[in-house]
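Below, read A as the first sequence line, B as the second, and so on, with proteins coming before strands; counting in each chain starts at 1.
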Amino acid sequence: MELLANFALGLETAITPANLMYCFAGVFLGTFVGVIPGVGPLAAISMLFPITFYLDPTAALIMLAGIYYGTTYGGSTASILLNIPGATSSAVTCLDGYPMAQQGRAGVALFMTTIASFVGGSIGIIILSLFSPLIAEYALTFGPAEYFSLMMLGLVAASTIANASPSKGLAMVVFGMLIATVGTDSQSGVGRFTFGSMSLLEGFGISAMAMGLFGVGEILSSIGATRSAKIDKSSAKLLNMLPTREDWRRSWMPGLRGSSIGSFFGALPGTGPSIAAFMAYAVEKHMSKHPEKFGTGVIEGVVAPETANNAADQTAFIPTLTLGIPGSATMALMLGALMIHGIQPGPTLIVEQPSLFWGLVMSFWIGNLLLLVLNLPLIGIWVRLLLIPYHYLYPAIIVFLCIGSYSVRSNPADVFMVLGFGIIGFAMRIARLPAAPLLLGFVLGPLVEMQFRRAMVLARGDVISLVERPISGTVLAISLALLVWTLISAVRKRKRDRMYKTEQTSVGG
Amino acid sequence: MLDRDYRDIFTGLALALIGGFAALYAAQHYSLGTVSRMGPAMVPVSLGVILAGFGLSIAIPGFLKKGDAIVLPFRPFLVISGSILAFAFTIETLGLVPAVFLTVVIATFAEKRVPLVSALLLGASMAFLTWAIFILGLGLPIHSFDWPF
């Protein structure tokens, strides 16, 4: 069995004491950050990104990935106890998790989310291990035209599916790509938009951008948002945590369905864990014999979204690692981390860097196992963490952002860069422009440009050739269909809103 | 409620200006090339034009619909910017410990309810914590204390 040999190789890499330690540090920090409402995985990863520059690529990725799926574990804690999602992917868990807590079953809900997260994560890892080599093998036949089209699909999907305003999302993707053109043009060597500044020749750093947009940005929007944590600590005690036989019986089918839904949506560009969790909840409610009980604290309503978002976390790595095309801003940061270490993700990654790829996959298992073991006894600590007022937390986060950005090159100019992107992030928040598509455009921009220019050289400038090649043409057609569909539904929604508003005003006088 | 959505109008116009400027600047300063052999200006010019188009598509509907009032949270923004600037200016002149202390104490002013004593205590403990993590633990090449005089 080739797969078993790969697992063995991966396990060998993942189980070295250093990698185990980074995996542990990652999942611990991830859970920590996930529990705190308002700080999502993007802020967490961008904050700790510079520290991983010192590690070898495998260790860096293991740690960043641990932070990523750790936040999803932790995010449910605040959802259940406070009715505030710690991470956006846990928003649906509030619906039935919080009512369970009010009925004194917070412990059961927390216990089941941990188990559900582990099951979902494990199934996602199995899908990742089975499909990645197949996709990579197939992708070896891809030329620049196919890569260009796939990246276009990823950008269109990510900017239109998740956002209320598709034109704002698309504008931010283009803006991100434009920011990425600052610096030396890789093909002609001309310095673009440098305005004579030497330091701009290297372009902007992805870590400065992420820390400014997500770190500084999230702090600015969370300050002043009052949070009062009133938690009945006894409900989260270990003794009150054990689910009944009835809980188990009702949970296993929703868990399996949630895992499949999550695995599917995780691998698609633009969707990811939040949409996966939402879909799993909707499907479960639809299939239930008692849909009216959803929202009153049923265990299925907690298990389905929690398995889904963790499965999605794992399968999101499929397009990132096999094609080098991230489907979300978080995956774009992972891609950025790889590229900073000089590794270009793509179909050859699995063959050329087997220990990195399989080591990462096996570290996911270990990380999920650590989270399972950690989370059950540590829930008490996470609950106490929720009682720390935000005005003691955010100054600490600011300091970590500053030290993180400074430590990369020991250059105070990088701290100014973070502030600069923080100001852009602040302006974008006021303008209600989404930041995630900007980061995705920034990371994919140079790759899109490179593949497009290559494709045009090969086709002697014949743009039609992009559509004539079967795979590339199909993918472009899907992107176009998605674009048209979102624009139509946005116009429809606007019309509906206007009709609703006129009705409201006519009723109100 | 405002009679026009000024948020979208300003946002769209700003994006259109950025896109238009980028396209013009690139077209004037770098070579465009041909489609089969693209010069460094081709992609920035296209992106600039597309961004300007999206900007207008955001701004124009803004004139036709109602919008809500825009609240600018200036206090947190100015204080947080100030605390980051303080770090950037003091990390190499004063060293890590004073820089962290200053950054934390300034940052606490973004929310009104932190008493000065708690702010000073938080600053001191963060200074110790970061020193322990980054200099003692990770061994980063940063000075703990520097005296400019």
*Relative to chain B, which of A/A431, A/P412, A/C402 shows the most heavy atom pairs under 4.5 Å?*
A/C402
*Looking at side-chain heavy atoms only, is the closest gap between B/I84 and A/I398 below 4.5 Å?*
yes
*Determine, for B/D8 against A/R432, whether the closest basic-nitrogen to carboxylate-oxygen distance falls under 4.0 angstrom.*
no
_Any donor-acceptor pair under 3.5 Å linking the side-chain atoms of B/E92 with those of A/Y406?_
yes
*Where does B/F89 contact chain A at under 4.5 Å (heavy atoms): side chain, backbone, both or neither?*
side chain
*asked:* To the closest 0.5 Å, what do you measure between CD1 (B/I80) and CD1 (A/I219)?
replied: 6.0 Å
*Is A/F416 atom CZ crowded by more than 12 heavy atoms from other residues, nucleotides or ligands, each under 6.0 Å away?*
yes
*Run the numbers on A/F400 and B/M126 for side chain to side chain contact (heavy atoms under 4.5 Å, CB included), then give the verdict.*
CA-CA 10 Å; A/F400 281 111; B/M126 278 308 296; 4.0 Å; yes
_Going by ring pair (Phe, Tyr, Trp, His ring centres under 6.0 Å), name the residues that satisfy it together with B/F87, two or more places apart in sequence or in a different chain._
none
*Which value, rounded to the nearest 0.5 Å, describes the distance between A/T194 atom OG1 and B/H29 atom NE2?*
10.0 Å
*asked:* Any non-hydrogen side-chain atom of A/I403 less than 4.5 Å from a side-chain atom of B/I133?
replied: no
*Check for a donor-acceptor pair, side chain of A/Y394 on one end and backbone N or O of B/A107 on the other, with a separation under 3.5 Å.*
yes
*Where on A/F426 is there a heavy atom nearer than 4.5 Å to chain B: the side chain, the backbone, both, or neither?*
side chain
*Tell me the residues of residues 48-55 of chain B whose non-hydrogen atoms fall below 4.5 Å from those of chain A, in number order.*
B/G48, B/I50, B/L51, B/F54
_I need the residue from A/V399, A/V173, A/N411 with the largest number of non-hydrogen atom pairs under 4.5 Å to chain B._
A/V399
*Who among B/I58, B/V114, B/T103, B/L96 has the most heavy-atom pairs with chain A under 4.5 Å?*
B/I58
*Side chain from CB out, backbone as N, CA, C, O: work out which of these in A/V190 comes under 4.5 Å of a heavy atom of chain B, or both, or neither.*
side chain
_Between A/M428 and chain B, with a heavy-atom cut-off of 4.5 Å, which part of the residue counts as in contact: side chain, backbone, both or neither?_
neither
*What part of A/L401 lies closer than 4.5 angstrom to a heavy atom of chain B: side chain, backbone, both or neither?*
neither
*Of all of A/E449, A/R460, A/M172, which one pairs up most often with chain B through heavy atoms under 4.5 Å apart?*
A/E449
_Nearest-0.5 Å distance, CG of residue B/L122 to CG of residue A/L393_ = 9.0 Å
*Can you tell which of A/V418, A/V448, A/V457 has the highest number of heavy-atom pairs within less than 4.5 Å of chain B?*
A/V457
*Mark yes when over 12 heavy atoms from residues, nucleotides or ligands other than A/F32 sit less than 6.0 Å from its CZ; otherwise mark no.*
no
*Mind ranking B/L129, B/T34, B/L47, B/V104 by heavy-atom pairs under 4.5 Å with chain A and telling me who comes out on top?*
B/L47
*Using non-hydrogen atoms and a 4.5 Å limit, figure out which bit of B/F21 sits close to chain A: side chain, backbone, both or neither.*
side chain
*Output yes when a side-chain donor or acceptor of B/Y30 lies under 3.5 Å from a complementary backbone atom of A/F193, and no otherwise.*
yes
*asked:* Donor-acceptor check, side chain of A/R192 to backbone of B/P40, threshold 3.5 angstrom: yes or no?
replied: yes
*asked:* If we define contacts as heavy-atom pairs under 4.5 Å, which of A/V463, A/L178, A/I423 has the most with chain B?
replied: A/L178
*Contact part of A/S167 toward chain B, heavy-atom cut-off under 4.5 Å: side chain, backbone, both or neither?*
both
*Keeping the roles fixed (side chain from A/R453, backbone from B/M38), state whether a donor-acceptor pair exists under 3.5 Å.*
yes
*What distance do A/L433 atom CG and B/T11 atom OG1 have between them, rounded to the nearest 0.5 Å?*
5.5 Å
*Is B/T108 close to A/H391 at the side-chain level, that is, under 4.5 Å between some pair of heavy atoms?*
no
*What's the spacing between A/L170 CG and B/S57 OG if we round to 0.5 Å?*
8.5 Å
*Between B/Y25 and A/F195, is the ring centre distance below 6.0 Å?*
yes
